[in-house]
Protein chains: 2
Amino acid sequence: MRQAAVANEITELVRTAGLRPTRQRLSLAGLLFSGGGRHITAEQLHAESLGEGFSVSLATVYNTLHQFTTAGLLRELVVDSGRSYFDTNVSRHHHLFFEDSGELRDVSDNSVVIGDLPALPEGASISRIDIIIRVKNGGSSG
Amino acid sequence: MRQAAVANEITELVRTAGLRPTRQRLSLAGLLFSGGGRHITAEQLHAESLGEGFSVSLATVYNTLHQFTTAGLLRELVVDSGRSYFDTNVSRHHHLFFEDSGELRDVSDNSVVIGDLPALPEGASISRIDIIIRVKNGGSSG
DNA sequence: GAATAAATTTAGAACGATTCTAATAAAACT
DNA sequence: AGTTTTATTAGAATCGTTCTAAATTTATTC
Ligand SMILES: [Mn+2]
Ligand SMILES: [Mn+2]
Ligand SMILES: [Zn+2]
Ligand SMILES: [Zn+2]
């Protein structure tokens, strides 16, 4: 009954995003949203899915990640040119990026104060502020 | 005499970086460092160089940008996954990124205050803090 | 619960940015 | 000048990502 309840929540999540609850989307959503917050790349998620026995094509992983992002379930992070990370935590927060391992860790929004910014051009507006604290030489423990 | 003086400064800059002042490196350094601060991609610099009549291969543009970055003359920015920008301003500062046009504009370091960060693991240290203010719907004027 | 319509998945091709390779050319040194 | 070292280059290769068009699945209609 526990497992069924979780499955229903996931199904509901996908439905609410306006997407059909296909086997692939449910598997991926399960991997993404069943634990705590995650920061993951498309290739990582693909490998993890296959590892768990959920066969999905890489194209579908990309499609799904983008659909979830558009639906507001994920946020796309730019920390490394040439690789996109997706964050299951869509609330306002920032990141520690461990350059050696590629690991990302959340940083509370409270840790940062943005002072006076330059005036924006007519009609322009801030869509997001990304703060990335790049850390070198640190492992993933601690 | 003016032009010669500038050429000498550029030659000196390249030499100081520990690099031979080849025709290609001098042309590229001229384009990069003769005006004010610049934010530019490899392909943009390549096109600009050819446009000015300085023929260079794209491979050399990449090589040179990386060498200049290693030498501390440039800083590599990650604002767009799938494209690297290089910044001729290597002092501590942040960026406004106009998502529509791809333009980058500097933001003074004073505009931002970072509060208490989470403790870093043993031996880890901050290599850099990148702040990107993403702006949508704004032109490049004003 | 077939038939139909609409959306999804997929393998593989295509893409764009970047890096690599191995051959040529230029620069520095003797 | 001759020799050694370093740099440049064209083109191939790589990598992450997107596209294509066909096959499958899901939802809707009878
Ligand atoms: Mn994208
Ligand atoms: Mn690089
Ligand atoms: Zn996060
Ligand atoms: Zn800058």
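This one's a predicted model, so the numbers in the text were calculated from it and none came from an experiment. Protein chains get the first letters and strands the later ones, always in sequence-line order, with residue 1 at the start of each.
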So, does [X] get its side chain near the phosphate of [N], meaning an N or O under 4.0 Å from OP1 or OP2?
| X | N | value |
| --- | --- | --- |
| A:Tyr62 | D:dT17 | yes |
| B:Ser84 | C:dT18 | yes |
| B:His66 | C:dT18 | no |

Show which side-chain atoms of residues 10-19 of chain B pair as donor or acceptor with protein atoms under 3.5 Å away, not counting sequence neighbours.
unit_1  : atom_1 : unit_2  : atom_2 : d
B:Thr11 : OG1    : B:Ala7  : O      : 2.9
B:Thr16 : OG1    : B:Glu12 : O      : 2.7

Expressed as a whole number of angstroms, how long is the span from [X]:[atom1] to [N]:[atom2]?
| X | N | atom1 | atom2 | answer |
| --- | --- | --- | --- | --- |
| A:Glu43 | D:dT14 | CD | P | 15 Å |
| A:Arg83 | D:dT18 | CZ | P | 14 Å |
| A:Leu65 | D:dG16 | CG | P | 15 Å |

Taking N or O atoms only and anything under 3.5 Å, show me the protein contacts with nucleotides 2-12 of chain D, one pair per line.
unit_1 : atom_1 : unit_2  : atom_2 : d
D:dT6  : O4'    : B:Arg20 : NH1    : 3.2
D:dT6  : O4'    : B:Arg20 : NH2    : 3.3
D:dA7  : OP1    : B:Arg25 : NH2    : 2.6
D:dT8  : OP1    : B:Thr22 : OG1    : 2.5
D:dT8  : O3'    : B:Gln24 : NE2    : 2.7
D:dT9  : OP1    : B:Gln24 : NE2    : 3.3
D:dT9  : OP2    : B:Ser57 : N      : 2.9
D:dT9  : OP2    : B:Ser57 : OG     : 3.3
D:dT9  : OP2    : B:Thr60 : OG1    : 2.9

Short of 4.0 Å, heavy atom to strand atom, which residues of residues 44-52 of chain B count as contacting DNA chain D?
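Correct list: empty, so none.
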To the nearest 0.5 Å, what is the distance between OH (B:Tyr85) and CG (B:Leu104)?
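Taking OH in B:Tyr85 and CG in B:Leu104, the distance rounds to 6.0 Å.
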Test of understanding: with salt bridge (Lys or Arg N to Asp or Glu O under 4.0 Å), list the residues that count as partners of A:Asp109, not counting sequence neighbours.
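Counting only residues at least two positions away or on another chain, A:Asp109 forms no salt bridge (Lys or Arg N to Asp or Glu O under 4.0 Å).
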Suppose we screen for salt bridge (Lys or Arg N to Asp or Glu O under 4.0 Å). Which residues come up paired with B:Arg128, at least two apart in sequence or across chains?
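So B:Arg128 forms a salt bridge (Lys or Arg N to Asp or Glu O under 4.0 Å) with B:Asp130.
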B:Tyr85 or B:Pro21: which one's nearest nucleotide on DNA chain C is closer to the 5' end?
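Upstream on the strand: B:Tyr85.
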Holding to ring pair (Phe, Tyr, Trp, His ring centres under 6.0 Å), I want the full list of residues that pass it with B:His46, two or more places apart in sequence or in another chain.
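Testing B:His46 for ring pair (Phe, Tyr, Trp, His ring centres under 6.0 Å), a comparison that skips the adjacent residues, returns none.
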Donor-acceptor pair between A:Gln24 and A:Thr60 side chains, under 3.5 angstrom
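No.
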